[in-house]
Amino acid sequence: MENLTFPLCISETFLYIVCSPLYTDVWIDEKIISILEEIVEQFLSLTQAQFTKKRSGENDAYVNRRNIRGGWKKVFHRAFDNFDDSNILILDNCTPQQLQTIYTCIKVTNYRGSSHFVYSYLYFQFPLDIEWSTVYQFMEYVNSKLTIHYASAGYEMAFNDLCPKSSGYGVRALNQLKYVNSEYTEWNGLDLSTRFGVPCPNFIQILCSELTQKMASEIPDELHGKLLNTNLFLDILDRKSEKMPEPALEQIKSRYQKLYWLLKPLLVSPERSMFMKKEDWEKRLRRFEEIQS
């Protein structure tokens, strides 16, 4: 893959990890809150890590970031016990001197407008050395627990929220990082736009039946798809072993292009990041159009 370093906080460090944004279409009640707790437990079991920092609330800012005392479950229940309307909880192990190796954002809501509703949103960042098969199995696990509208996993730009300049550095670095996604680019403003489509192809994606019906062709060679609970799991990984190794770079390019044209009828354009110039943003939106396979 490409060289993935950029100025971050005090030192230069890696900037990408594996993530799974998950958009769910469910009414949030005590049962769902309990399931979300189980999902976070499963995430920590797979990563063998612990959360040390927390943020919560709709208007959380840097000053609201706190150390976790008494364990993450105490923080979780404080945020979601007696849940009624909406809330956000962010948990990670970030410090001012070091980028996080794990991160989760739980954004749940029961808001329903007259013409639309806002999806509940789960976001997980795994350590970079995690196996793709583990990420895939985690997505299967979540799919068995929740009604998923859309999910996606791939390389992700990690930002240090304790260093505000991190976002600007990271998004500018994305100009040279074709296969890396970002909270400020691909996932920007998706609460509503995923109602109509998906933002980009990725290493792994889950599509509900409403989305798969928009695909104009059959799944091409080199891609793998299977149905689970009426949802389509679609990926570009090699399946020569249970670890699902990442393909060689040339294969990644070929498969991404095939996946792009397969998903083209579903694709929507997120809002342009404030950190990216208009011409850079337009180039990014076309980054998989080189060859129509």
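Quick note: residue numbers are just sequence positions, from 1.
- With rounding to the nearest 0.5 angstrom, the NZ atom of Lys178 is 9.5 Å from the CG atom of Leu249.
- Residue-environment remark: CD (Glu279) exceeds the threshold of 12 foreign heavy atoms within 6.0 Å.
- In this structure, Leu234 and Gly225 approach most closely via the heavy-atom pair CD1-CA, 4.2 Å.
- Considering only heavy atoms from C-beta on, Val142 comes within 4.5 Å of Ile148 through its side chain.
- Within 6.0 Å of CG in Asn67 there are more than 12 heavy atoms belonging to other residues, nucleotides or ligands.
- Trp281 and Pro270 make their closest contact through CZ2-O, 3.2 Å (heavy atoms, listed as atom of the first residue, atom of the second, distance).
- Using cut-offs of 30° and 60° on the angle between ring planes, the pair Tyr123 and Tyr121 is parallel.
- Residues Gln257 and Phe288 share a closest heavy-atom pair of CG-O, 3.8 Å.
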Output, in order, the C-alpha distance, side-chain angles, deciding distance and verdict of ring pair (Phe, Tyr, Trp, His ring centres under 6.0 Å) for Tyr119 and Trp27. CA-CA 10 Å; Tyr119 289 107; Trp27 184 263; over 10 Å; no
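- Across Cys208 and Asn231, no two heavy atoms sit closer than the pair CA-OD1, 3.2 Å.
- Atom-to-atom distance recorded for Thr109:OG1 and Ile28:CD1 is 8.0 Å, nearest 0.5 angstrom.
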Going through the distances and angles, do Asn160 and Thr95 end up as a side-chain contact (heavy atoms from CB on, under 4.5 Å)? CA-CA 8 Å; Asn160 188 336; Thr95 71; 5.9 Å; no
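- Residues Val108 and Ile88 have side chains not in contact (no heavy-atom distance under 4.5 Å, counting atoms from C-beta outward).
- Side-chain contact check for Leu266 versus Leu207: some heavy-atom pair is nearer than 4.5 Å.
- Shortest non-hydrogen contact noted between Asn202 and Asn181 is ND2-ND2, 3.0 Å.
- For the pair Glu186 and Arg287, the salt-bridge criterion is met [side-chain N within less than 4.0 Å of a carboxylate O].
- Side-chain atoms of Lys53 and Asn93, non-hydrogen and from C-beta on, never get closer than 4.5 Å to each other.
- More than 12 heavy atoms of other shown residues, nucleotides or ligands fall within 6.0 angstrom of atom CG in Asp81.
- There is a side-chain donor-acceptor pair under 3.5 Å between Glu246 and Tyr155.
- Interatomic distance, CG of Leu263 versus NZ of Lys258, reported as 14.0 Å (0.5 Å rounding).
- Of the candidates Asp280, Val171, Thr185, Val171 is the only one forming a side chain to side chain contact (heavy atoms under 4.5 Å, CB included) with Phe275.
- Using a 3.5 Å distance cut-off with no hydrogens or angles, the side chains of Trp261 and Glu289 do not pair a donor with an acceptor.
- Rounding to the nearest 0.5 angstrom, the gap separating the CD1 atom in Ile204 from the OG atom in Ser133 is 9.0 Å.
- Ring geometry for Tyr256 versus Tyr179: interplanar angle under 30°, hence parallel rather than tilted (30 to 60°).
- Donor-acceptor pairing under 3.5 Å is lacking for the side chains of Tyr184 and Glu271.
- Side-chain contact annotation: Gln251 with Glu222, donor-acceptor N/O pair under 3.5 Å absent.
- Residue Asp235 holds its CG atom at 11.5 Å from OG of Ser152, rounded to the nearest 0.5 Å.
- Aromatic ring centres of Phe124 and Phe138: separated by under 6.0 Å.
- Inter-residue side-chain proximity for Lys264 and Met215 is flagged as unmet; no heavy-atom pair is nearer than 4.5 Å.
- Across all non-hydrogen atoms, the minimal contact from Leu174 to Ser182 is CD1-CB, 3.4 Å.
- By the 4.5 Å heavy-atom criterion applied to side chains, Leu89 and Val75 are counted as neighbours.
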Just do the side-chain contact (heavy atoms from CB on, under 4.5 Å) check on Leu237 and Phe203 with the steps written out, would you? CA-CA 7 Å; Leu237 300 171; Phe203 276 74; 3.7 Å; yes
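- Here the OH atom belonging to Tyr260 is positioned 11.0 Å from the SG atom belonging to Cys200, to the nearest 0.5 angstrom.
- Looking at Asp238, its side chain never comes within 3.5 Å of a backbone N or O of Lys240 through a donor-acceptor pair.
- The existence of a salt bridge linking Glu140 and Lys145 is excluded, since no basic side-chain nitrogen approaches an acidic carboxylate oxygen closer than 4.0 Å.
- For Arg272, the side chain to side chain donor-acceptor pair (under 3.5 Å) criterion is met by no residue, not counting sequence neighbours.
- The local environment of CG in Asp84 is sparse, with at most 12 non-hydrogen atoms from other residues, nucleotides or ligands closer than 6.0 Å.
- Considering only residues two or more places apart in sequence or on other chains, Arg172 meets the salt bridge (Lys or Arg N to Asp or Glu O under 4.0 Å) condition with none of them.
- For the salt bridge (Lys or Arg N to Asp or Glu O under 4.0 Å) test, no residue two or more places apart in sequence or in another chain qualifies with Glu30.
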What do the steps show when you test Asn143 against Ile206 for side-chain contact (heavy atoms from CB on, under 4.5 Å), and what is the final call? CA-CA 9 Å; Asn143 186 67; Ile206 306 175; 4.2 Å; yes
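- Between Arg255 and Pro247, some side-chain heavy-atom pair lies under the 4.5 Å cut-off.
- By the 4.5 Å heavy-atom criterion applied to side chains, Leu44 and Phe51 are counted as neighbours.
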